[in-house]
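Heads up: the structure comes next, in structure tokens.
Naming: A, B, ... by sequence-line order, numbering from 1 per chain.
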There are 2 protein chains.
Amino acid sequence: MWRAYVDMCRYLLQALDRQFAATGLSSADYELLVPLSEAPGQRLRARDLGRSVHWDRSRLSHQLRRMEQRGLLKRQDCPDDARGVTVHLTPEGRAAIEAAAPGHVETVRRLFVDQLTPEEIDALTTISYRVLSRIAKESLAPGKSVYVATIDQEA
Amino acid sequence: MWRAYVDMCRYLLQALDRQFAATGLSSADYELLVPLSEAPGQRLRARDLGRSVHWDRSRLSHQLRRMEQRGLLKRQDCPDDARGVTVHLTPEGRAAIEAAAPGHVETVRRLFVDQLTPEEIDALTTISYRVLSRIAKESLAPGKSVYVATIDQEA
DNA sequence: GTACCAATGTTGACGTGACAACAAAGAGGC
DNA sequence: GCCTCTTTGTTGTCACGTCAACATTGGTAC
């Protein structure tokens, strides 16, 4: 059962990655573009962007650098905090996510959501929150509290 | 719901990776060491090893190289097929998986299985096979038939 | 045997993700 | 002001995974 579940996880994420690749984006790109495109002014502080996707600073910085090189976004100095950086969505970035979003949503539906009954969806939601809060509890000891706040607020 | 599920997937796999890291192994190492340690003579042809974990040749070759450098296994020419390679588990490799396995199983239980009711476990198993076969059906078109055989045999 | 195609592995390039070290700038106590 | 601690981002290094290119060998048709 565990084996089947892990396989399902991996293959599902892999299939989504492949679908993204066909649009010239990756799931990492998409994950950043979504909060950026929803933000007022199409921009966010790197700090806030990182929090909204639960990434650590290093991972975010590397990904921003790669995406900036491809012209999907640009970084500017933050006016009110000299340490900070504001991330701006470029027209290219907006075009990219608008082109990729429908196909992505459709693929998630086709491969996953449409395979489930309403009861199964409810059950999976419940399970997800339960396991997430279990993992969060676990992470209190090593001092890693990245996603604890979010989970508390959702649960 | 989709968001919660994806987060759960990622964080769960991430937590397992962290647990593995504490033992000096990775989940990729473990995935190869399991079939190797169960094989007669503690060795397998690279081809068969790759099939048993559903990896492509490139991924397997890279991982074997890294693991060989760490002394977990060694590669030898295959006697009956000059193209082939047989992968041998070393004593170090056997010691490593025997040291890591109990903690891994325990972590899977603690973070996941123990959080589920028997009904939920049944439901997840059913869902996993259903989604897997859906993804496999999808992969027929692009000619990718890596895991189709396995899924058929399991379902 | 020869010619052609499939199967088996390896390699290099690149994107991704984790970890640790580092620099620069706020925040607070004194 | 000054010292210290925290916050914010960047960078380098490494492991992992995918893709495409490549070399070698087996198998098959002729």
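Using a 4.0 Å heavy-atom criterion, one finds that B:R57 contacts the bases of the nucleic acid, with or without backbone contacts as well. A:R45 comes within 4.0 angstrom of sugar-phosphate atoms only, judged by non-hydrogen atoms across all strands, and of no base. Looking at heavy-atom distances under 4.0 Å, A:S58 makes contact with a base.
With hydrogens and angles ignored, no donor-acceptor pair under 3.5 angstrom links the side chain of A:H62 to the base of D:dG9.
Summarising the geometry, the separation between CG on B:L60 and P on D:dC16 is reported as 13 Å, rounded to the nearest angstrom. Atom CG in B:L13 sits about 11 Å away from atom P in C:dA18, given to the nearest Å. Protein atom CG of A:D29 is 10 Å distant from nucleotide atom P of C:dG15, rounded to whole Å. Separating the CG atom of A:D56 from the C1' atom of C:dA20 is a distance of 11 Å, rounded to the nearest angstrom. Separating the CD atom of B:E68 from the C1' atom of C:dT10 is a distance of 12 Å, rounded to the nearest angstrom.
Residue A:R51 places its side chain closer to D:dT8 than to any other of D:dT8, D:dT10, D:dC19. With D:dT10, C:dG26, C:dG9 as the choices, the nucleotide that has an atom nearest any side-chain atom of A:D81 turns out to be C:dG26. With C:dA25, D:dC19, C:dT10 as the choices, the nucleotide that has an atom nearest any side-chain atom of B:R75 turns out to be C:dT10. Here the nucleotide nearest the side chain of B:Q63, chosen from C:dG12, D:dG17, C:dT16, is D:dG17. Proximity note for B:A82 (side chain, C-beta onward) versus D:dT6, C:dG9, D:dG26: the nearest is D:dG26. The side chain of A:R47 lies closest to D:dT8 when the candidates are D:dT8, D:dT11, D:dC19.
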